[in-house]
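Naming convention: chains lettered A, B, ... in sequence-line order (proteins, then strands); numbering from 1 in each chain.
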Protein chains: 2
Amino acid sequence: MKHSLKIQKHICKPSLKLPEETLYDLADLFKVFGDSTRLRILCALFDSEQCVQHIADELGMTHSAISHQLRFLKQNKLVTNRRNGKTIFYALADEHVRRIFDQGLEHIQEEV
Amino acid sequence: MKHSLKIQKHICKPSLKLPEETLYDLADLFKVFGDSTRLRILCALFDSEQCVQHIADELGMTHSAISHQLRFLKQNKLVTNRRNGKTIFYALADEHVRRIFDQGLEHIQEEV
DNA sequence: CAAATATATGAACGTATGTTCATATATTAT
DNA sequence: ATAATATATGAACATACGTTCATATATTTG
């Protein structure tokens with residue numbers, strides 16, 4: 001009886017149990033937000049759709065680098081695109097992007 | 001006059017301009033969420049604080065791996081900890097963690 | 001104090017990531 | 001068809017990341 005406290009090592013509470021795959025998908029989603037270049041691209045699209053070269057100019061990077069990242073963003077459904085002649089315009093996919101962005105911003109700006 | 005359309009290459013709209021440093025901080029924050037192990041740790045803390053070994057057991061990983069990740073999570077202010085004797089309990093730092101997590105979840109579950 | 005337990009940490013290792021460079025594709029203009 | 005423009009993509013490279021292993025620190029127990 002005297003070491004009953006010692007025995008109960010871990011009081012197991014069942015925690016929020018999401019499927020493995022969901023967690024991987026979720027991690028992949030946040031991974032997309034986890035790079036300042038991609039965040040800057042998203043910022044550039046906040047007001048209106050933009051073409052690749054415009055974004056590249058604005059960020060001072062090559063169109064190749066931007067194109068690679070846009071593909072990544074599109075694969076993860078954070079942006080959509082439409083072709084207009086030679087140029088392709090990219091736009092934010094939906095409001096979640098903005099909301100996730102804003103929640104993150106709130107978090108970092110809250111800390112001292 | 002005939003190629004005036006050709007000339008206006010990029011109609012520059014000023015986009016949301018955040019300081020470089022803010023973007024890096026924001027990317028760092030999302031980077032933390034961009035790993036399934038860390039997400040699982042956060043899940044494990046959703047209901048209540050937990051000690052390192054408990055989390056390690058639950059995730060089927062070594063305490064070393066978990067400890068490394070918890071340090072990372074703490075550096076980014078997503079968790080706090082308190083010591084109780086030999087064991088150290090970790091807990092979610094604030095509600096932003098949950099909200100960012102939930103927004104992400106909404107996003108991936110919305111898509112078909 | 002020594003042993004046991006819980007956690008932390010540095011080094012090392014393989015893998016993933018972001019950019020660049022060269023090249024390919026697509027559209028338009030001549 | 002050829003040239004010019006806009007974008008996409010594969011390979012290569014350097015860097016960053018996550019885990020493991022060994023070891024260190026901290027607390028409690030005997």
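If you check the side chains of A:Q103 and A:H107, you find no donor sitting under 3.5 Å from an acceptor.
Taken from CD1 in B:I55 to CD in B:E49, the straight-line distance is 10.0 Å, to the nearest 0.5 Å. Annotation: the span from A:C51 atom SG to A:I66 atom CD1 amounts to 11.5 Å, rounded to 0.5 Å. To the nearest 0.5 Å, atom CG of residue A:D94 and atom CG of residue A:L78 are 8.0 Å apart.
OP1 and OP2 of C:dT17 both lie 4.0 Å or more from every side-chain N or O belonging to A:Q69. The shortest distance between the side-chain N/O atoms of B:R38 and the OP1/OP2 oxygens of D:dG18 is below 4.0 Å. Of the side-chain N and O atoms in B:T87, none sit less than 4.0 angstrom from OP1 or OP2 of C:dA6. Distances shorter than 4.0 Å separate some side-chain N or O of A:R71 from OP1 or OP2 on D:dT9. At least one side-chain nitrogen or oxygen of A:Y90 sits closer than 4.0 Å to the OP1 or OP2 atom of D:dA8.
Rounded to a whole Å, the CD atom of B:Q53 is 11 Å from the P atom of C:dA8. Between the CG atom of B:L70 and the C1' atom of C:dT9 there is a distance of 13 Å, rounded to whole Å. Distance, B:I66 CD1 to D:dC21 C1': 16 Å, rounded to whole Å. Distance A:I41 CD1 to C:dT19 C1': 12 Å, rounded to the nearest Å. To the nearest angstrom, C1' of D:dA26 lies 14 Å from CG of B:N81. Rounded to whole Å, atom C1' of C:dT19 lies 14 Å from atom CZ of A:F72. In this structure, A:M61 atom CE and C:dG18 atom P are separated by 11 Å, rounded to whole Å. Atom CG in B:L73 sits roughly 14 Å away from atom P in D:dC17 (whole-Å rounding).
A:D102 is linked by a salt bridge (Lys or Arg N to Asp or Glu O under 4.0 Å) to nothing, counting only residues two or more places apart in sequence or in another chain.
Here A:S67 lies in heavy-atom contact (under 4.0 Å) with a base.
For B:R83 and A:K86, each mapped to the nucleotide of DNA chain C holding its nearest heavy atom, the one lying further toward the 5' end belongs to B:R83.
Across every non-hydrogen atom of B:I41 and B:L73, the tightest pair is CG2-CD1, 3.7 Å. Here the shortest heavy-atom pairing between B:I108 and A:T22 reads CD1-O, 3.8 Å. Residue B:K31 comes nearest to B:R38 through the heavy atom pair O-NH2, 3.1 Å, listed as atom of the first residue, atom of the second, then distance.
No close placement of the B:F33 and A:F33 rings is indicated, their centers lying 6.0 Å or farther apart.
Aromatic stacking of B:H68 on C:dT9: satisfied, with centres closer than 5.5 Å and planes within an angle under 30 degrees.
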Are there any protein N/O atoms within less than 3.5 Å of an N/O atom in nucleotides 22-24 of chain C, and if so, which ones and at what distance?
none

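Of all the residues in residues 22-37 of chain B, B:K31, B:D35, B:T37 reach under 4.0 Å from DNA chain D with at least one non-hydrogen atom.
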Does B:L39 form a side chain to side chain contact (heavy atoms under 4.5 Å, CB included) with A:L18? I'd like the steps, not just the answer. CA-CA 10 Å; B:L39 289 181; A:L18 291 171; over 6 Å; no
